[in-house]
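Here is the structure we will look at, set down as structure tokens.
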Amino acid sequence: MPDRAGAPPRAWQRMLSGRRLDLLDPSPLDVEISDIAHGLARVARWNGQTHGDHAFSVAQHSLAVEKIYALLSGGHNADWRLAALLHDAPEYVIGDMISPFKSVVGGGYKSVERRLHEAICGRFSLPVELPEKQIRLIKRADIVAAWFEATELAGFTQAEAMKYFDRPSGVHLDQIDLTPKPPKTVQELFLQRFEALDHQRGKVSAS
């Protein structure tokens, strides 16, 4: 809906939690996990061009990435697993723009994404810049998830997928759940996983 004539452009979005998130200067105080879960569960990966009765959402992708990260890292650090779960969290506001379109849009998209990322990290007490090893592992998990999604859901042949994603090693398809689920179900699964990881973090900090 366009802004009223003469009114300054609106740069905020009202969330279902009641928060009003400023896209130009997002505050950690306006970030709520309920809004993130709700939004990501309703944003489709691959522009919705996937098999199944439901879209494969960014929330379900995030759950897969967190699981793959744990398999690749062999570790149980709840901070880094939470960072993996939230690696695409800014998309609850800006959506999941496919890579070819990101390259056309350019830097403006990345600057908004970066500010949202910083606000989300601040809200959940995660470092904005992760240790290099964890960055590599989360990125690797993201690529592994993309390979499986491409070949199992998005119609890519393995030969096509090899041009863009490395073939997975150390992770098997039966270790992750790629069956597209209804948004409400995925939203609840995402919240449950967040709460479990947040509880683990609390136990560590209290010990």
Side-chain angles (χ1 to χ4, degrees), residues 28 31 33 36-37 39-41 43 45-46 56-94 96-99 102-103 109-110 113-154 156 158 161-179 186 189-205 207:
V31 174
I33 193 61
I36 292 174
L40 295 186
V43 175
R45 290 272 289 172
W46 307 94
F56 188 80
S57 69
V58 174
Q60 195 165 355
H61 164 77
S62 299
L63 288 164
V65 169
E66 190 264 326
K67 177 67 180 295
I68 294 168
Y69 166 81
L71 293 169
L72 293 175
S73 68
H76 303 285
N77 185 301
D79 285 321
W80 308 147
R81 293 186 70 163
L82 182 60
L85 183 70
L86 297 176
H87 78 285
D88 277 341
E91 293 179 7
Y92 89 106
V93 177
I94 57 180
D96 182 27
M97 192 178 296
I98 60 174
S99 296
K102 285 182 183 178
S103 64
Y109 173 91
K110 299 300 291 184
E113 183 180 47
R114 177 69 180 182
R115 287 192 290 269
L116 287 166
H117 168 73
E118 291 173 356
I120 291 164
C121 288
R123 174 64 178 85
F124 301 115
S125 302
L126 290 170
V128 172
E129 299 294 342
L130 297 176
E132 186 61 34
K133 179 180 179 180
Q134 306 310 322
I135 293 174
R136 290 197 305 270
L137 282 168
I138 292 172
K139 183 61 178 176
R140 176 64 181 159
D142 195 20
I143 292 172
V144 169
W147 164 280
F148 284 128
E149 292 168 22
T151 55
E152 296 296 320
L153 298 173
F156 282 58
Q158 292 204 2
M162 282 291 290
K163 297 177 183 178
Y164 308 104
F165 318 106
D166 294 333
R167 185 185 297 274
S169 60
V171 180
H172 303 287
L173 180 59
D174 60 4
Q175 292 176 294
I176 56 176
D177 184 3
L178 292 185
T179 303
V186 179
L189 290 171
F190 187 94
L191 283 172
Q192 289 169 11
R193 191 66 196 129
F194 172 86
E195 289 165 2
L197 291 170
D198 201 43
H199 180 67
Q200 290 181 34
R201 297 172 79 208
K203 289 176 64 177
V204 171
S205 63
S207 62

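If you read the sequence from its start, that first residue is 1, and numbering goes on from there. Note that the coordinates shown come from a computational prediction; the quantities given were computed from them, not determined experimentally.
To the nearest 0.5 Å, the span separating CZ on Phe190 from CG on Leu40 amounts to 5.0 Å. Between Arg81 atom CZ and Leu197 atom CG the span is 6.0 Å, to the nearest 0.5 Å. Remark: Ile94 CD1 to Arg115 CZ distance equals 10.5 Å, nearest 0.5 Å. Annotation: the span from Ser57 atom OG to Leu189 atom CG amounts to 9.5 Å, rounded to 0.5 Å. Atoms CD1 and NE2, from Ile135 and His87 in turn, are 13.5 Å apart once rounded to the nearest 0.5 Å. Once rounded to the nearest 0.5 Å, the distance linking OG of Ser62 with CG of Asp142 reads 8.5 Å.
No side-chain donor-acceptor contact under 3.5 Å links Gln134 to the backbone of Pro131. Side-chain N or O atoms of Asn77 include one that pairs as donor or acceptor with a backbone N or O of Trp80 at under 3.5 Å.
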In residues 147-154, what donor-acceptor pairs under 3.5 Å come from side-chain atoms, sequence neighbours left out?
unit_1	atom_1	unit_2	atom_2	d
Glu149	OE1	Arg45	NE	2.9
Glu149	OE1	Arg45	NH2	2.9
Glu149	OE1	Trp46	NE1	2.9
Glu149	OE2	His61	ND1	2.6
Thr151	OG1	Trp147	O	2.9
Thr151	OG1	Phe148	O	3.4

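Summarising the geometry of Val171 relative to Leu71, their closest heavy-atom pair is CG1-CD1, 4.1 Å, with the distance given to 0.1 Å. Closest of all the heavy-atom pairs between Pro168 and Val144 is CB-CG1, 3.9 Å. Taking both residues in full, the closest heavy atoms of Asp166 and Ile143 are given as N-CG2, 3.9 Å, listed atom of the first, atom of the second, then distance. Smallest separation of non-hydrogen atoms from Gly122 and Pro28: C-CB, 4.0 Å. Here the shortest heavy-atom pairing between Gln60 and Val186 reads N-CG1, 3.6 Å. Nearest heavy atom pair, residue Glu113 against residue Pro90, reads O-CG, 3.9 Å.
With contacts defined as side-chain heavy-atom distances shorter than 4.5 Å, the pair Arg167/Gln158 qualifies. At a threshold of 4.5 Å between non-hydrogen side-chain atoms, the residues Tyr92 and Val31 count as touching. Between Glu91 and Asp88, the closest side-chain pair of non-hydrogen atoms falls below 4.5 Å. Put simply, the side chain of Arg140 reaches to within 4.5 Å of the side chain of Ser169, judged on heavy atoms. Residues Ile176 and Leu178 are in side-chain contact: their nearest non-hydrogen atoms beyond the backbone lie under 4.5 Å apart.
With respect to the salt-bridge test (charged N to carboxylate O, under 4.0 angstrom), the residues Arg114 and Glu129 qualify.
A perpendicular orientation is assigned to the rings of Phe194 and Phe124, their planes being inclined by more than 60° (bins at 30° and 60°).
Gln192 is linked by a side chain to side chain donor-acceptor pair (under 3.5 Å) to nothing, counting only residues two or more places apart in sequence or in another chain.
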TODO: Apply the test side-chain contact (heavy atoms from CB on, under 4.5 Å) to residues Ile36 and Ile33: give CA-CA distance (whole Å), side-chain angles for both, the deciding distance (0.1 Å), then the verdict.
DONE: CA-CA 5 Å; Ile36 292 174; Ile33 193 61; 4.3 Å; yes

Task: Check against side-chain contact (heavy atoms from CB on, under 4.5 Å), Arg201 and Ser125 - done: CA-CA 10 Å; Arg201 297 172 79 208; Ser125 302; 4.1 Å; yes

